[in-house]
Amino acid sequence: APRPLSAQKPWSRCIASWYRSPYGPRSTAHKTLPKGTRLIVRHAGRSVIVTVRDRGPYIAGRCLDLDDDSFRVLAPLSRGILPVTWKVVR
């Protein structure tokens with residue numbers, strides 16, 4: 001049975017950037033989460049579901065590298081980086 005919402009892990013906050021991922025749309029890079037993990041990422045009332053398919057980012061202070069299509073769902077690429085909230089989804 002699914003865990004009640006109160007038992008689920010809380011949202012994490014971090015800075016996300018974008019890159020042209022070789023893994024296609026709706027992919028992201030994360031340093032430690034297992035590849036294949038699905039995340040919901042939110043910014044300014046918008047959200048996108050992505051799958052961890054790569055490692056990174058390797059710039060201090062950033063925790064996610066979203067593919068350019070996923071970043072564009074949240075904000076224009078010209079923003080470069082965004083404060084986001086995210087958590088693992090099933």
Side-chain angles (χ1 to χ4, degrees):
R3 295 185 304 172
L5 290 177
S6 60
Q8 291 182 6
K9 202 171 178 186
W11 292 85
S12 297
R13 294 177 187 271
C14 73
I15 300 297
S17 52
W18 68 271
Y19 75 127
R20 287 196 166 73
S21 170
Y23 301 99
R26 305 301 184 253
S27 61
T28 191
H30 188 275
K31 290 178 189 162
T32 60
L33 287 173
K35 290 181 180 178
T37 301
R38 291 173 48 124
L39 310 175
I40 184 168
V41 182
R42 299 190 311 189
H43 170 77
R46 296 181 176 208
S47 64
V48 64
I49 294 177
V50 296
T51 303
V52 176
R53 300 203 188 281
D54 200 2
R55 292 289 170 232
Y58 296 106
I59 296 176
R62 299 185 193 172
C63 74
L64 296 173
D65 256 341
L66 299 168
D67 75 276
D68 52 346
D69 287 335
S70 298
F71 190 97
R72 204 176 283 116
V73 169
L74 303 175
L77 295 181
S78 61
R79 289 282 308 266
I81 59 172
L82 292 174
V84 298
T85 56
W86 65 272
K87 74 175 180 175
V88 173
V89 294
R90 293 180 188 264

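Just so it is clear, the values below take in all heavy atoms, side chains as well, and ignore hydrogens, waters and symmetry mates.
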Pairs touching residues 20-81 that satisfy disulfide (SG to SG under 2.5 Å), sequence neighbours left out: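 Pairs touching residues 20-81 that pass the test: Cys14-Cys63.
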
Qualifying salt bridge (Lys or Arg N to Asp or Glu O under 4.0 Å) pairs, either residue in [range], two or more places apart:
{"range": "residues 75-85", "value": "none"}
{"range": "residues 51-61", "value": "none"}
{"range": "residues 14-40", "value": "Arg20-Asp68"}

How would you list, by chain and number, every residue that makes a ring-ring contact (aromatic ring centres under 6.0 Å, His included) with His30, sequence neighbours excluded? Trp86

Over all atoms of both residues, closest heavy-atom pair of [X] and [Y]:
{"X": "Ser17", "Y": "Ile81", "answer": "CB-CG2, 3.9 Å"}
{"X": "Leu77", "Y": "Phe71", "answer": "CD2-CD2, 3.7 Å"}
{"X": "Asp67", "Y": "Ser21", "answer": "CB-CB, 3.7 Å"}
{"X": "Pro25", "Y": "Asp69", "answer": "CB-OD2, 3.8 Å"}

Distance from Tyr19 atom OH to Leu66 atom CG, nearest 0.5 Å? 9.0 Å

Nearest 0.5 angstrom please: Leu74 CG to Ser47 OG, how far?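 Going from CG on Leu74 over to OG on Ser47, the span is 7.5 Å.
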
Taking transitive links into account, so neighbours of neighbours count too, which hydrophobic residues share a cluster with Ile49 at under 4.5 Å side-chain distance?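 Result for Ile49 is Trp11, Ile40, Val89.
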
Is any side-chain heavy atom of Ser27 closer than 4.5 Å to one of Thr51?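 No, too far: nothing below the 4.5 Å cut-off.
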
So do the side chains of Val50 and Leu64 get within less than 4.5 Å of each other, counting heavy atoms only?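 No, every pair of side-chain atoms sits at 4.5 Å or beyond.
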
Side-chain heavy atoms under 4.5 angstrom apart, residues restricted to Ile, Leu, Val, Met, Phe, Trp, Tyr: same cluster for Val52 and Leu82?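 Val52 clusters together with Leu82.
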
Pick out which of Val73, Thr28, Val84 makes a side chain to side chain contact (heavy atoms under 4.5 Å, CB included) with Val41. Val84

